[in-house]
Amino acid sequence: MSIEQLAETAQAMVAPGKGIIAIDESTGTIGKRFAAVGIESTEEHRRAYRELLLTAPRLSEHISGAILYDETLRQSTKDGVPFAKYMAQQGMIPGIKVDKGTAALAGFPGELVTEGLDGLRARLEEYYRLGARFAKWRAVINIGEDIPTGTCIEANAHALARYAALCQEQGLVPMVEPEVLMDGDHDIETGYEVTEAVLRSLFAALYEQNVLLEGTILKTSMVVSGKDCEEQADIQEVAESTLMCLKSTVPAILPGIVFLSGGQSDELATAHLDAMNRLGPNPWPLSFSYGRAMQQAAMKLWSQDMAGNYKKAQDTVLARARANGLASLGQWQGD
Ligand code: 13P
């Protein structure tokens with residue numbers, strides 16, 4: 001796979017006015033999300049729900065690609081069309097979550113390291129054959145008393161860089177995701193310092209592992225106040241802090257940056273993205289790769305009446321996609 005092809009895929013992922021929908025919840029995570037709205041987590045429910053999202057009419061006007069989970073990449077529409085094939089027909093790029101989740105970092109209480117490097121080359125080979133063209137790996141950084149440590153940041157950055165190099169070898173664009181959690185009562189300045197240290201470490205590790213940035217997408221958290229911080233930074237401050245942090249750590253050659261929603265409300269996630277793009281021009285396209293902020297309203301509707309609310313749920317996910325697509329251009333006018 002040439003770097004030109006990887007770069008082309010990466011650029012298509014952040015095409016003007018478009019972003020990514022993250023529907024790559026593991027069976028455990030989707031089980032929790034379903035349970036919260038009273039849906040039983042059977043394989044057929046998981047399939048039918050992902051079909052509802054992926055086949056929402058005109059979704060591809062605002063969505064360049066979707067991150068799937070292993071089970072979903074192997075599933076099909078009710079008419080028997082594999083989801084990856086359906087997506088390709090609609091001009092949406094199939095992506096796949098390839099990490100195996102987090103585990104406690106031994107010797108460092110309260111800190112996590114992401115697992116999944118063993119056997120990854122063979123898994124990537126198969127995912128490529130199944131149609132995936134990009135792959136996501138999520139590292140999780142907790143903020144708390146005396147954490148994160150440099151050891152935790154470096155261990156996660158190293159794993160992200162090893163996975164990214166393997167992805168490029170196998171023809172998939174790595175979507176490297178370091179998520180600094182919003183949990184805690186830290187202020188936005190602390191969020192800034194931690195995010196800055198994490199991104200510096202990540203780009204140093206990517207360089208050391210010979211990862212070509214032209215064929216890489218960064219998926220990052222925004223710089224925000226901790227969820228329980230008494231003083232919540234407003235939209236403008238979040239936009240300015242996030243942009244400053246990114247400009248001081250992320251090379252301009254990167255084809256694009258997308259954000260996770262991380263527990264922000266649907267509307268706030270859109271407003272933050274819109275504000276950052278209004279502050280442009282920026283060195284890279286800034287777009288979205290939201291999970292919860294794209295799906296939660298649609299999932300709720302579907303849970304209330306799977307057949308009766310099907311179309312309404314599709315309209316709802318389309319409305320989020322349209323709003324976020326506009327925000328990626330700095331043209332959102334409110335919902
Ligand atoms: P959220 O937008 O719900 O944070 O999910 C995005 C994602 O893919 C996290 O890995």
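Fair warning: this is a prediction, and the values are worked out from it, not measured in the lab. Indexing begins at 1, ligand by ligand and atom by atom, following the structure's order.
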Asker: Polar contacts were defined as any N/O atom of the residue lying under 3.5 Å from an N/O atom of the ligand; does this apply to Gly291 and ligand 1?
Answerer: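 There is such a contact, yes.
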
Asker: Give the atoms of ligand 1, by number and element, whose distance to some non-hydrogen atom of Ala22 is under 4.0 Å.
Answerer: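 That gives atoms 8 (O) of ligand 1.
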
Asker: Counting from 1, what ligand 1 atoms have a heavy atom of Lys136 closer than 4.0 Å?
Answerer: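 The list of qualifying atoms is 7 (C), 8 (O), 9 (C), 10 (O).
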
Asker: Given Ser289, Ala139, Gly262, which one has a non-hydrogen atom that is nearest to atom 4 (O) of ligand 1?
Answerer: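 Closest candidate by heavy-atom distance is Gly262.
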
Asker: If you draw the axis of the six-membered ring of Tyr128, does the NZ or CZ of Arg133 fall within 45° of it and under 6.0 Å from the ring centre?
Answerer: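 Here Arg133 passes the 6.0 Å and 45° test against Tyr128.
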
Asker: Is Arg162 atom CZ crowded by more than 12 heavy atoms from other residues, nucleotides or ligands, each under 6.0 Å away?
Answerer: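 Counting neighbours around CZ of Arg162, 12 or fewer heavy atoms of other residues, nucleotides or ligands fall under 6.0 Å, so no.
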
Asker: Do Val81 and Ser76 have side chains that get closer than 4.5 Å, going by heavy atoms?
Answerer: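 Contact flag for Val81/Ser76 side chains = no.
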
Asker: For His45 and Glu40, does a side-chain donor sit closer than 3.5 Å to a side-chain acceptor?
Answerer: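 No - no donor-acceptor pair under 3.5 Å links their side chains.
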
Asker: Of the listed options (Gln264, Lys97, Lys219), which comes nearest to atom 6 (C) of ligand 1 when hydrogens are ignored and any heavy atom counts?
Answerer: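 The nearest heavy atom belongs to Lys219.
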
Asker: Do Gln314 and Thr55 get their side chains close enough for a donor-acceptor pair, meaning under 3.5 Å?
Answerer: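 Their side chains do contain a donor-acceptor pair, which is all the 3.5 Å distance test asks for.
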
Asker: Within a distance under 4.0 Å of any heavy atom of Ser261, pick out the atoms of ligand 1 and give their elements.
Answerer: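 With Ser261 as reference, the close atoms of ligand 1 come out as 1 (P), 2 (O), 3 (O), 4 (O).
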
Asker: Check ligand 1 against Asp24 and write out every atom of the ligand that is under 4.0 Å from a heavy-atom position of the residue.
Answerer: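 Every atom of ligand 1 under 4.0 Å from some heavy atom of Asp24: 8 (O).
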
Asker: Any atoms of ligand 1 less than 4.0 Å from a non-hydrogen atom of Glu177? List them with their elements.
Answerer: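 Answer for ligand 1: 7 (C), 9 (C), 10 (O).
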
Asker: How close do Leu181 and His186 get, counting heavy atoms only, and between which atoms?
Answerer: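 So the two residues come closest at O-CE1, 3.9 Å.
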
Asker: Give the numbers and elements of all ligand 1 atoms closer than 4.0 Å to a heavy atom of Tyr290.
Answerer: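 So the atoms of ligand 1 that pass are 2 (O).
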
Asker: Which atoms of ligand 1 sit under 4.0 Å from any heavy atom of Arg292?
Answerer: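 Those atoms are 1 (P), 2 (O), 3 (O), 4 (O).
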
Asker: Measure the shortest side-chain to side-chain distance between Arg320 and Asp335 over non-hydrogen atoms and say whether it is less than 4.5 angstrom.
Answerer: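 Yes, side chains in contact.
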
